[in-house]
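Read through the structure below, which is laid out as structure tokens, and then see the notes.
Read the numbers this way: they start at 1 and go in the same order the structure lists the ligands and their atoms. It should be emphasised that the depicted structure is a prediction, and the values quoted were computed from it without experimental measurement.
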Amino acid sequence: MSRSQNPYVGLDDAELGSEEFAKSLDATDVLSRLRQEFIIPSKGDLKSKRYGPIPRRAAQPSDESVAADDHEESVYLCGNSLGLQPRRTKEYVNRYLDTWASKGVFGHFKDLEGGHPPWLHIDDAIKEQSSKLVGALPSEVVVMETLTANLHLLMASFYRPTKERYKIIIEGKAFPSDHYAALSQLAHHNLPPSALIMITPPSPESPYLSNEHILSIISRHSSTTALVLLPGIQFYSGQFFDINLITRHCHSLGITVGWDLAHAVGNVPLELHKWDVDFAAWCNYKYMNGGPGVIGGLFVHDRHGTVQEAATVEGSEKQLAYRPRLSGWWGSDKSSRFRMENVFMPISGASGFQLSNPSALDMSAVSASLDVFSLTSMDALRERSLRLTAYLEARLLRWDGGKPPYTIITPANPAERGAQLSVLLVTGLLDHVLEYIEERGVVVDERKPDVLRIAPAPLYNSFWDVHRFVVVFQEACKGALAAKK
Ligand SMILES: Cc1ncc(COP(=O)(O)O)c(C=O)c1O
């Protein structure tokens, strides 16, 4: 599919640009109701230095500290950076605080009324719910640590360089943390930085990486490569890679492949088990709405998570065979965990990769987020997301007065992108545009020097949000152009 198949592109200017049209799209969408699950900051909240919401009082003509539109909802299109807070998060976190206050250490073990599990088992439901979002078996997913830490832990297990195969392939514009992680893994194995191969776009004008280009670079280095580490969705361009195709290509060449799903989880449907992905990791604070820096998640394919009794010489102690890893007590068999026998017996599956007892505070926030996702399905969300992003694209492509002072650098093909569109502004406009839109309660993400990333999150953003964004953004561009003259 290409831009010409965008259902909104063919509409006339008056209809496409009208408030009524945006509102009618919201009114006829059954998933619009999910917005009420979230706290949308008001414009005044964003401006204020208070750490909570501003008091809900009407603006008085005499009171200059309250602007007339302070209580209007802001336009928050930044869920690709930090998702908004689900309303129920406070209740779940309070439950955790009350349990801790009233039960102390018993909170680990005591079943509580309302079917709430003790902290010892707090992750069981969370694993199950997370696995649905990424298309995995429950045994293949665990919620632990944070994204970069998990990438390291996974590479400690999956990146096993040999004399012949030792290179790591990443993409040229990898998120800095992934770049540093891969480079430091090489150093950890006494390998030079030249063993890091980067897939860079063939054209300096566009960040687009075609499948042919990606596969050809992997093929070129296949005999010397141990690991490919790629993002499911590229953070800068918003490109959604063909995880299935690339994984199978790597496997056909004997290469292990891992995926950073920071921008993909909760954004696009994934089928990690079916696609035979070796491993993957993600954070739970972007489209997952778990809160800043909250505990992350990881996937290990079941065929890598097996724990078997190894053949031993008669009379000697029982040995277990499992994939090598960096281990901790929380990855060891639950029933013998507290016996302190110092015999590591990994839980089979991804849970055997855990190190520490997880933060019950973090788990409470992630649980709140997952319960919101449980109100719908990834397929239904994706369907809405495709329409929201197509509407944003159609609106951005209209510019009265010829060519807009920006270009969309995210692929036009909806199958090759998630919610986000990245917009490259004409040089010198970004600061003015940002100042103008922020002043009007519009939040998007910037990547200096000239890119804005705009992400309508399908759980809480509306067509009305997109309409309000485009109006303010285009005004800002006009102002910035005039100021540049
Ligand atoms: C693509 C990608 N990878 C890695 C990270 C680093 O995540 P963390 O700080 O949770 O380790 C981020 C953070 O935004 C990211 O966007």
Side-chain angles (χ1 to χ4, degrees), residues 77-84 130 133-134 141-156 158-159 168-185 196 198-200 207 209 214 227-241 243 246 257-268 270 272 277 279-299 326 353 355-356 358-359 361-363 365-366 369 409-410 416-422 443-448 451-455 457:
L77 296 167
C78 207
N80 55 342
S81 180
L82 180 68
L84 287 180
S130 300
L133 291 188
V134 296
V141 168
V142 69
V143 174
M144 60 183 265
E145 312 296 332
T146 51
L147 174 50
T148 309
N150 284 335
L151 288 175
H152 272 302
L153 291 170
L154 289 163
M155 282 194 273
F158 284 87
Y159 173 55
I168 302 179
I169 300 181
I170 61 171
E171 39 108 19
K173 260 201 173 281
F175 192 84
S177 210
D178 296 35
H179 188 107
Y180 307 150
L183 209 52
S184 59
Q185 284 284 333
L196 188 68
M198 280 174 273
I199 307 175
T200 47
L209 295 171
I214 296 170
L227 178 71
V228 169
L229 178 67
L230 289 174
I233 290 188
Q234 215 284 342
F235 79 96
Y236 177 80
S237 68
Q239 182 178 349
F240 180 14
F241 291 109
I243 300 177
I246 298 168
V257 57
W259 294 90
D260 173 342
L261 301 177
H263 290 260
V265 66
N267 179 7
V268 287
L270 298 162
L272 299 186
V277 161
F279 70 86
W282 56 90
C283 55
N284 279 313
Y285 50 76
K286 296 179 186 289
Y287 296 95
M288 293 302 301
N289 313 309
V294 79
I295 197 163
L298 67 78
F299 165 92
L326 298 179
F353 284 74
L355 299 185
S356 301
S359 154
L361 174 58
D362 281 33
M363 287 294 197
V366 171
S369 147
I409 56 171
T410 304
E416 288 185 287
R417 67 189 187 200
Q420 170 187 327
L421 291 185
S422 302
V443 188
V444 294
D445 177 271
E446 69 180 289
R447 290 293 134 154
K448 294 243 186 248
V451 167
L452 288 183
R453 302 184 307 161
I454 306 137

Closest approach of any protein heavy atom to [atom], naming residue and atom:
| atom | answer |
| --- | --- |
| atom 16 (O) of ligand 1 | H263 NE2, 3.0 Å |
| atom 12 (C) of ligand 1 | F175 CE2, 3.3 Å |
| atom 6 (C) of ligand 1 | T148 OG1, 3.6 Å |
| atom 14 (O) of ligand 1 | K286 NZ, 2.9 Å |

Once salt bridge (charged side-chain N to carboxylate O under 4.0 Å, His left out) is applied, do any residues pair with E446, and if so which ones, sequence neighbours excluded? K448
Parallel, tilted or perpendicular, as decided by the 30° and 60° cut-offs, for the rings of F279 and F158: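 Answer is tilted, since the angle falls between 30° and 60°.
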Would you tell me whether Q420 and N80 have side-chain atoms, one donor and one acceptor, within less than 3.5 Å of each other? yes
Side chain to side chain contact (heavy atoms under 4.5 Å, CB included) evaluation trace for I199 with I169: CA-CA 7 Å; I199 307 175; I169 300 181; 3.7 Å; yes
Does any N or O atom in D260 lie less than 3.5 angstrom from one in ligand 1, N or O only?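 In this structure, D260 places an N or O atom under 3.5 Å from an N or O of ligand 1.
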Check whether any N or O atom of Y285, backbone or side chain, sits under 3.5 Å from an N or O atom of ligand 1, and answer yes or no. yes
Just do the side chain to side chain contact (heavy atoms under 4.5 Å, CB included) check on L227 and V257 with the steps written out, would you? CA-CA 6 Å; L227 178 71; V257 57; 5.9 Å; no
Given that the side chain starts at C-beta and the backbone is N, CA, C, O, which of these parts of D178 lies under 4.0 Å from ligand 1, counting heavy atoms, or is it both or neither? side chain
Quick one: pull up CG in L298 and CG in N150 and give me the separation to the nearest 0.5 Å.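 Here the rounded value is 4.5 Å.
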